[in-house]
Amino acid sequence: MSRTLKRSAAFTALFRALAAGARGGPSLGARLAALPRMIRATARGEYDGGLRLAMMTAATAYVLSPVDVVPELFLTIFGLVDDAVMVTWLAGSVLAETERFLEWEAGRSSVIPGQMIP
């Protein structure tokens with residue numbers, strides 16, 4: 001995997017995505033609209049985002065699961081902080097991966113399918 005979704009990379013991607021509207025990068029709407037296409041391309045084996053999608057799905061399941069209520073009950077503030085960190089990481093990861101997918105999709109449109117002749 002050439003780009004891993006490290007915590008700092010996800011937070012950096014989130015910051016860049018929020019600032020991209022002013023600099024002409026992909027808008028938040030374009031990135032979110034690319035999400036279903038990215039999932040479909042990954043399921044077909046065309047795009048290599050399987051592990052990253054699995055990590056994002058696991059993070060979503062963690063935040064939405066009832067098991068996550070336990071830290072909030074006993075650790076109050078710390079339980080909420082872990083949710084905030086997870087949601088921020090998830091948002092940055094989704095934005096970084098959709099940006100990567102949009103670049104892949106743009107490059108793919110210039111490739112002509114067929115066989116390579118030596």
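What you see below is based on every heavy atom in this structure, not just the backbone, and it leaves out hydrogens, waters and symmetry mates. For this chain, numbers begin at 1 and follow the sequence in order.
The closest side-chain donor-acceptor pair between Arg100 and Tyr47 falls under 3.5 angstrom.
In this structure, the salt bridge (charged side-chain N to carboxylate O under 4.0 Å, His left out) partners of Arg37, at least two apart in sequence or on a different chain, are Glu105. Listed by chain and residue number, Met86, Trp89, Leu90 satisfy the side chain to side chain contact (heavy atoms under 4.5 Å, CB included) test with Ala59 (two or more places apart in sequence, or in another chain). Here Ile39 pairs with Leu35, Leu53 under the side chain to side chain contact (heavy atoms under 4.5 Å, CB included) rule; sequence neighbours left out.
Put simply, the residue from Met55, Met56, Arg52 that forms a side-chain contact (heavy atoms from CB on, under 4.5 Å) with Ser93 is Met56.
Closest approach of Phe101 to Ala34, counting heavy atoms only: CE2-O, 3.8 Å.
For the pair Arg31 (side chain) and Leu95 (backbone), a donor-acceptor distance under 3.5 Å is present.
Atoms CH2 and CD, from Trp104 and Glu97 in turn, are 11.0 Å apart once rounded to the nearest 0.5 Å.
At a threshold of 4.5 Å between side-chain heavy atoms, the hydrophobic network of Ile, Leu, Val, Met, Phe, Trp and Tyr places Met38 and Leu102 in two separate groups.
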